[in-house]
Amino acid sequence: MSKGAGNKTLLWVVVVIVLLVIIAYATGFFKTEVDEGGTLPDVEIEGGQLPDIDSDVGSIDVDTEEVTVETPTIEVEEATPDEE
């Protein structure tokens, strides 16, 4: 038997076992019940202080300048109906 065939067989066995457990749970063969509800632990939070951070960052200079741009002139003529 090759090594790949053994891995496939093991995979199928695991899949069948998982399916059997799901079917057994779904049909009520076994069920789980919780007697007592769980609780979260009590946690006390004391005041603290944020860390002091000193950052050196680059700077960006944004300049504006006034520029005149020539725009083309467009003339629109009303369409005339074709006379037949």
For [X], enumerate each residue passing the side chain to side chain contact (heavy atoms under 4.5 Å, CB included) test, keeping only those at least two apart in sequence or located in another chain.
| X | value |
| --- | --- |
| Val16 | Leu20 |
| Ser55 | Ile53, Val57 |
| Thr73 | none |

Running the 4.5 Å side-chain criterion over Ile, Leu, Val, Met, Phe, Trp and Tyr, what cluster does [X] land in, apart from itself?
| X | value |
| --- | --- |
| Val76 | Ile74 |
| Val69 | Val67 |
| Ile60 | Val62 |

> Any chain of hydrophobic side-chain contacts (each under 4.5 Å) joining Leu19 to Phe29?
Replying inline: no
>> Listing request: all ring-ring contact (aromatic ring centres under 6.0 Å, His included) pairs with a residue in residues 5-25, at least two apart in sequence or in separate chains.
In response: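 Sorted result for residues 5-25: Tyr25-Phe30.
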> Just how far is it from atom OG1 of Thr9 to atom CG of Asn7, taken to the nearest 0.5 Å?
Replying inline: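 Output value for this atom pair is 8.5 Å.
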> Looking at CD of Glu78 and OG1 of Thr80, how far apart are the two atoms once the value is rounded to the nearest 0.5 Å?
Replying inline: 8.5 Å
